[in-house]
Amino acid sequence: METIRFIGNIEAKVDAKGRAFLPSAFRKVLQQTGSERLVVRQDVFQRCLVLYPEQVWNRRLDELTSTLDPWNKQHQQLRRQYYRDAEDAVLDSGGRFMLTRHHIAQAGIRQDIRFIGMGDTIEVWAREASDEPFMQPDDFAAAMEQAMRRKENGEGTAL
């Protein structure tokens with residue numbers, strides 16, 4: 001199976017029924033990698049939604065469950081919350097998928113959205129929330145320099 005690499009920053013709209021067209025560039029990546037199913041859930045850190053191809057979702061679940069103790073109450077609550085917010089995002093023949101009212105509210109989406117390719121996932125933002133830079137240019141440059149220096153020193157890439 002081919003490696004999944006989504007890149008791009010594409011504006012779109014959600015219709016009154018909560019449907020959005022997945023941009024064709026992202027659909028092509030899914031087709032090339034044999035991914036037919038997507039899962040959507042709110043991002044853990046940001047007010048946006050994340051679309052996971054099925055194999056990426058399964059890999060992330062495996063990572064999560066391998067670190068959580070099923071006999072630890074807090075770990076079970078974490079796992080439960082993570083699963084609770086996830087839904088299938090099935091593409092119809094025209095390349096549209098449905099966002100639930102719950103997910104639309106979680107992400108603060110009105111009508112205009114922005115898809116951002118994030119490597120093996122796709123983020124869906126309320127367009128207004130994604131208009132401003134996520135980091136100022138100088139902060140971004142400094143954080144990249146620090147992250148890459150740590151990598152060169154074998155310290156990992158944690159920012």
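At a threshold of 4.5 Å between non-hydrogen side-chain atoms, the residues Asp112 and Lys13 count as touching. Within the 4.5 Å cutoff, side-chain heavy atoms of Gln81 are placed close to those of Arg84. Inter-residue side-chain proximity for Asp120 and Arg60 is flagged as met; some heavy-atom pair is nearer than 4.5 Å. Side-chain contact between Thr33 and Pro53 is absent, with no heavy-atom pair separated by less than 4.5 Å.
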Under 3.5 Å, which donor-acceptor pairs link side chains of residues 17-30 to any protein atom two or more places apart or in another chain?
| from | atom 1 | to | atom 2 | distance (Å) |
| --- | --- | --- | --- | --- |
| Arg19 | NE | Asp15 | OD2 | 2.8 |
| Arg19 | NH2 | Asp15 | OD2 | 2.9 |
| Arg27 | NH1 | Leu22 | O | 2.4 |

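With sequence neighbours excluded, no residue forms a side-chain hydrogen bond (donor to acceptor under 3.5 Å, both in side chains) with Arg5. Applying the ring-ring contact (aromatic ring centres under 6.0 Å, His included) rule to Phe134 yields the partners Trp125; only residues at least two apart in sequence or on another chain are considered. Contacts of Glu63 classified as salt bridge (charged side-chain N to carboxylate O under 4.0 Å, His left out), with partners at least two apart in sequence or in another chain: none.
Of the N and O atoms on the side chains of Arg149 and Gln146, not one donor lies less than 3.5 Å from an acceptor on the other residue.
There is a path of hydrophobic side-chain contacts, each under 4.5 Å, that joins Val50 to Leu64. Linking ILVMFWY side-chain heavy atoms closer than 4.5 Å, directly or via other members, places Tyr52 and Met118 in two distinct hydrophobic clusters.
Counting only residues at least two apart or on different chains, the ring pair (Phe, Tyr, Trp, His ring centres under 6.0 Å) pairs with a member in residues 66-110 are Trp57-Tyr82. Applying the salt bridge (charged side-chain N to carboxylate O under 4.0 Å, His left out) test to pairs two or more places apart or on separate chains, those with a residue in residues 86-102 are Arg37-Asp88, Asp92-Arg96.
The two residues Ala107 and Cys48 come nearest to each other via the heavy atoms CB-CA, 4.2 Å. Nearest heavy-atom pair, Gln46 versus Gln42, reported as atom, atom and distance to 0.1 Å: O-NE2, 3.9 Å.
Atom CD of Glu128 and atom CD1 of Ile113 lie 11.0 Å apart (nearest 0.5 Å). Separating the CD1 atom in Ile7 from the CD1 atom in Ile116 is a distance of 13.0 Å, to the nearest 0.5 Å. Annotation: the span from Ile4 atom CD1 to Gln32 atom CD amounts to 11.0 Å, rounded to 0.5 Å. Taking CG from Asn72 and CZ from Arg79, the interatomic distance works out to 12.0 Å, rounded to the nearest 0.5 Å. A distance of 11.0 Å separates OG1 of Thr121 from CG of Leu38, quoted to the nearest 0.5 Å. Rounding to the nearest 0.5 angstrom, the gap separating the CD atom in Glu123 from the CZ atom in Phe6 is 12.5 Å.
Counting non-hydrogen atoms of other residues, nucleotides and ligands closer than 6.0 Å to CE of Met98 gives a total above 12.
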Begin with the C-alpha distance, continue with both residues' side-chain angles, and end with the deciding distance and a verdict on side chain to side chain contact (heavy atoms under 4.5 Å, CB included) for Val124 and Ile109. CA-CA 9 Å; Val124 182; Ile109 292 171; 4.2 Å; yes
